[in-house]
Amino acid sequence: MDLVALSFKSLTFSLILIILPVTLQAEEWYMASRHGECVSLKEINSTMQVVRGAETPKQMAAKLKEAGVKYTLKPLRSAEEGLYRLDVPSTEWAMLLVKKKFCKEVLKQAASEQ
């Protein structure tokens, strides 16, 4: 194997190691309703002034904290899996925040309950 080919393989492997974590973190978050719908947090949060621009549960929590709003954000499974409950008593919000894979589960469960 010549030096150019070896350098190219090393560069490719390095780029994968750099890009992979960014790609994994970029997975879109949704709000799941008890009726089985999933709506993108980007879409919802564009209409909610206090959390405008937040795209993840942790970003929503940071914006609520910054605004002085009391809330609880609780992972329902390990945080890496992508399932949180957000409660904001002052606005009567009780949200299930999920990654796309859990939307499918919520939709299946809602369909089976009807």
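Since this is a predicted model, take the numbers as computed values, not measurements.
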Would you name the heavy atoms of Cys103 and Val98 that are closest together and state the gap between them?
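Closest heavy-atom pair between Cys103 and Val98: SG-CG2, 3.6 Å.
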
Arg85 to Asp87 - nearest heavy-atom pair and separation
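Result for this residue pair: NE-OD2, 2.8 Å.
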
To the nearest 0.5 Å, tell me how far [X] [atom1] sits from [Y] [atom2].
X: Tyr84; Y: Leu76; atom1: OH; atom2: CG; result: 10.0 Å
X: Leu41; Y: Tyr30; atom1: CG; atom2: OH; result: 9.5 Å
X: Lys100; Y: Glu27; atom1: NZ; atom2: CD; result: 9.0 Å
X: Met95; Y: Met60; atom1: CE; atom2: CE; result: 4.5 Å
X: Leu73; Y: Leu64; atom1: CG; atom2: CG; result: 9.0 Å
X: Met31; Y: Glu37; atom1: CE; atom2: CD; result: 8.0 Å

Test of understanding: with side-chain contact (heavy atoms from CB on, under 4.5 Å), list the residues that count as partners of Ala67, not counting sequence neighbours.
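Expected list: Val50, Val69.
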
Summary of side chain to side chain donor-acceptor pair (under 3.5 Å) pairs that have at least one residue in residues 43-54, sequence neighbours excluded:
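Listed by first then second residue: Gln49-Arg52.
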
Inter- and intrachain pairs under side chain to side chain donor-acceptor pair (under 3.5 Å), touching residues 60-75, at least two apart:
none

Mind running side-chain contact (heavy atoms from CB on, under 4.5 Å) on Trp29 and Lys99 for me, showing each step along the way?
CA-CA 5 Å; Trp29 285 87; Lys99 288 187 178 177; 3.3 Å; yes

